[in-house]
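Below, all heavy atoms of this structure are taken into account, side chains as well, without hydrogens, waters or symmetry copies. To find a chain, count down the sequence lines: A is the first, B the second, and so on, and within it residues start at 1.
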Amino acid sequence: MGSPPRPSYVIAISAYISWTVWFLFGHIRDFIRDVFWASKARKDYAPIRQSYEDFYTRRVFYRLHDCFNRPIASAPSAWVDVLHRTPVNEDKPLELTGDQSKVLNLSSYNYLGFAASDEYCTPRVLDTLDRLGWGACCSRSEAGTTDKHVELEETVAEFLGVEAAITFPMGFATNAFNIPVIVGKGCLIISDSLNHASIVNGSRGSGAKIKVFKHDNMTHLEQILRTSIAEGQPRTRRPWKKILIIVEGIYSMEGEICSNLKTIVALKKKYKAYLFLDEAHSIGAIGETGRGATEHAGVNPRDVDVMMGTFTKSFGSCGGYIGGSKQLIKCIRNHCPAHLHATSMSPPAAEQVISALRLIMNKAGNGRGPQKIRTLRDNSNYVRKRLIDLGLEVLGDFDSPVMPVMIYNPGKLALFSRLCFRDGVAVVMVGFPATTLVNSRTRLCISAAHTKEDLDYALEVIEDVADQLVMRYRPKDHKKERKVRSAASHMMKAKAGG
Amino acid sequence: MALPAWLPHLVAAATLALLPPFAAADAVPSPPSPDISLRLAALGEWLWELWELIAPGGKLHPAGFLEHKGHLVVEALLVLLIAYLVWQPRSSPSKKADERLTEKEIDQLCEEWQPEPLCPEIESFPEVEKPLLATSVLGHHIEVDGEKLLNMVSTDFLGLSTSEHIKDVCRATINKYGVGSCGPRGFYGTVDVHLQLEESISEFMGTQETIIYSYDMATAASVLPAFANAKDVIVCDEAVHYPIQNGCTLSRAKVLKFKHNDMGDLERLLVKVAAEDKKLRKPLNRRFIVVEAIYHNTGELAPLDAIHALAAKHKYRLAVDESLAIGVLGPKGRGACEHFGLPPGGAEIVFASMGNALASAGGFCTGAREVADHQRLAGQGYCFSASQPPYLATSARAALEAVAGDGEGRRQVAKGAAQLRRELGRVAGLEVVGSHERDLLSPVVFLRLKDAPESSVEARRRLSELADWVRRRQRVLITIPISSPIEWRDWGPAIRIVVTARHGEGELRGLAKGLEEGLKELSKKW
């Protein structure tokens, strides 16, 4: 795998032309604004947003912000009610029109379908709400720990196959406030180049030196490990205190499963580094029994020093966890500011995770949990196969429920979203600055809640839109697909005729 | 590529060729020598010859030069020079071969290197290892490990965490929307209830726009880096809590800390920065003063009127963390900015947790549209995290309605806080943190031992014995917060007591009396 596929020169040049036009007109408009309209900035104060800092927002994002932040009015289940908004009008906020429509949801991280109310989970959640309330107004270390928190941590540890676990009410914060507890000044973080913003935030906040290795490139990782250990800390030349390698189970913008996990574990053992695995998207979603990237790659979870993941995705709740040795969890309990000071996790949200985990571990619900995991895998592989057959440039690996489809051209990006939405399919757009200028893409997230009919409907819409936008970038597969389809339609006709 | 060896010779030859005439010219003022006329004649001859070469028709006259394609030689030399410069090594000379490590040596070094353990053996706190286990919440009481205690720990100032109405709202929301939102705000994670909550907060706070975060701790840590970068200056109180410290680090701005609530020190810092900027002629940058309305670490109020005046005088923007003040301070419960009578927009950035008086979870930042809107793409904790569970948004909105109408509750909190602070102030051997008149309003009370032992471990042990005593005898739950070693500093062990609207006069008096008695009895042992 490695870096995303490169667009052909024609496509890349057309994408750059789009950006140039946007950029040029944006600057011309800025220039006119600066000349004719006096700046509203307060005297003697630097503007709160420098013009160059929000140039992208004003001149690019506001032209297609109807494709983002679309409000919904139902649970983010297989189908979702999306509220309509007024069309784009300069930089004015979009107003709700009062209408709404039901569209197929290919955008939420509802991998196992726990977002909607569930016959097993929801009653238990409501019971917990009755008994323990919804907010404790208290930190975990004071009186914010309830029996549900303890049960949740025990269940998570059991599910992961680690000694102990600790939970937090927000996935992003789990990374942002725990990496500084594990490493600090004099330590080295070796981070994959495509790691999530929360890991980047946590690493920057820790004060450790950060080195980045090329995405999924084991040779580069080993080379960094070797030279770093040999050279020691910069300037002082003292040996590093600790080295922490941080990778993700599924890269959310690439859909790739960290398939080199075995090699990474071997490397970290050879060089005595520590391994931090972020399973935000992979826990519950991949592996035979939903135990994530370690199970998928056949790695013993105890070989991973820090197992991190979130409850937002597969479990339909909120929050995140850290799993590992008893010693590690004890250290985090005593040193993590989020555990010591911040509001504890809302008990009903904790109960939602416990119930979902009990289903997944098949402790309740007559095999519904394992069935969900199988359905998710079948659905994902079905859609991925079909998309590839359509000649679309799909990123990621089989078994992964995250499917980015390359669009490349920023103009097509907004159009793809609008056309799909018009035809009743909600998809997510990812463009600059989250990707490079010419790597704009759409992302489909498959759920166990989707039926075969749902997926066929989505594929039909996507095929139609992809044709209109000339998105079949894999010409060879495309021809093959055409042949197969014409044969099929021929047979259909023959049947109908017969 | 080294310089050609013949180059110095060429330069020397050229110098020698040019030297005689100049030497001759130099010689003019010196005492005339017998052969000076000869030399002058030679110079004249030489100049003549030169003129013949470069005059029209001469060999080196530009026209003749061009005619004889002499320019090609010059151009070829220039091309060679460019090639030479291009081929120059890019940076400083590379290491000599004998300084580079061989693969074998690197293997050796890797083998020798011994890392520290992932987490050190630490001194752990018993209350963290075995926390109090709450099994149910009953009004202003809490059932902990099967024991019913008066809750003086939760920052549920207005007692909304047990409101039946809000519970019904939560139940209805869970039935309609499920528990989690399964996506960030940008990607279909914006539920209509989030928009309604943002609107309600703006209306309540009297601001233009509000942005909500799904976790209180991620709020400050996202807000500050969204506005300040490496060129900017953040001046903050040294007692600010961890999220603000983290936000300061992440912003990469120049961070200056002033002594806790010391206006003299703040002014000194502001003057110093202005002088430095003037000296270095720095371009205008963004400057922020960041304070907490009520400090999480000390329970004291910030003198916002004085801070605002200083900020305005020195052209700083004011960012205020109202987490513990929302619903508690101000005639309408808008917090400390309102209480101290700051003009609207006096604090340009206001952020707060919804986990205290609003009895929900998450945080918000409110202000002008450009302040809130900018964070929708620049606030890391907003863009890259799943949105708040819908039921917590509706509960916060319902709580906000209750807060807006609950002037009585605010008066109760203020009355209780003042009463407890006065009564504890009279207890010999105990010191209430924050002795200023304005601190009487703060419902978060920190208590220290007056003659605290040198070692903080010993002081903590004594305080926890005292807290235990009160818990056993008075059935009141109070705790001693723990600080993390990654925070800027430890503010020393102190008992924290939270006064809420539900605590009656008798209960507060009983607690003060209990603490006094407990201290008297325990100090015999100490």
With a 4.5 angstrom heavy-atom cut-off, is it the side chain or the backbone of [X] that approaches chain A, or both, or neither?
| X | result |
| --- | --- |
| B/Arg317 | both |
| B/Leu377 | side chain |
| B/Thr190 | both |
| B/Ile482 | both |
| B/Glu111 | backbone |
| B/Ala361 | neither |
| B/Val144 | neither |
| B/Ile122 | both |
| B/Gln380 | both |
| B/Pro481 | both |
| B/Asp107 | both |

Considering only heavy atoms and a distance below 4.5 Å, find which of B/Ala226, B/Pro225, B/Pro485 pairs most often with chain A.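 It is B/Pro485.
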- With the side chain counted from C-beta on, respond yes when B/Ile174 and A/Gln352 share a heavy-atom pair under 4.5 Å apart, and no when they do not.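 Counting from C-beta outward, B/Ile174 and A/Gln352 never come under 4.5 Å.
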Under the side chain to side chain contact (heavy atoms under 4.5 Å, CB included) rule, collect the residues that match up with B/Asn246, sequence neighbours excluded.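 Result, side chain to side chain contact (heavy atoms under 4.5 Å, CB included) vs B/Asn246: A/Phe177, B/Ala221, B/Tyr242, B/Leu250.
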Review point. Per the side chain to side chain contact (heavy atoms under 4.5 Å, CB included) rule, which among B/Leu132, B/Ile478, B/Leu477, B/Thr479 passes with A/Glu142?
Key: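 Answer after filtering B/Leu132, B/Ile478, B/Leu477, B/Thr479: B/Thr479.
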| said: Under the rule for salt bridge (Lys or Arg N to Asp or Glu O under 4.0 Å), what residues qualify as partners of A/Glu351, not counting sequence neighbours? | reply: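 Per chain and number, A/Glu351 pairs via salt bridge (Lys or Arg N to Asp or Glu O under 4.0 Å) with A/Arg124, A/Lys148.
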Distance-minimising heavy-atom pair for A/Ala143 and B/Val153: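 For A/Ala143 versus B/Val153, the nearest heavy atoms are N-CG1, 4.1 Å.
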May I have the step-by-step check of side chain to side chain contact (heavy atoms under 4.5 Å, CB included) for A/Tyr45 and B/Tyr316, ending in yes or no?
CA-CA 8 Å; A/Tyr45 283 82; B/Tyr316 277 69; 5.6 Å; no
What part of [X] gets within 4.5 angstrom of chain B, counting heavy atoms only: side chain, backbone, both, or neither?
| X | value |
| --- | --- |
| A/Arg443 | side chain |
| A/Ile72 | both |
| A/His149 | neither |

- prompt: When only pairs under 4.5 Å are counted, which of A/Met429, A/Lys272, A/Lys313, A/Arg204 shares the most heavy-atom pairs with chain B?
  reply: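 Result: the option with the highest number of such pairs is A/Lys272.
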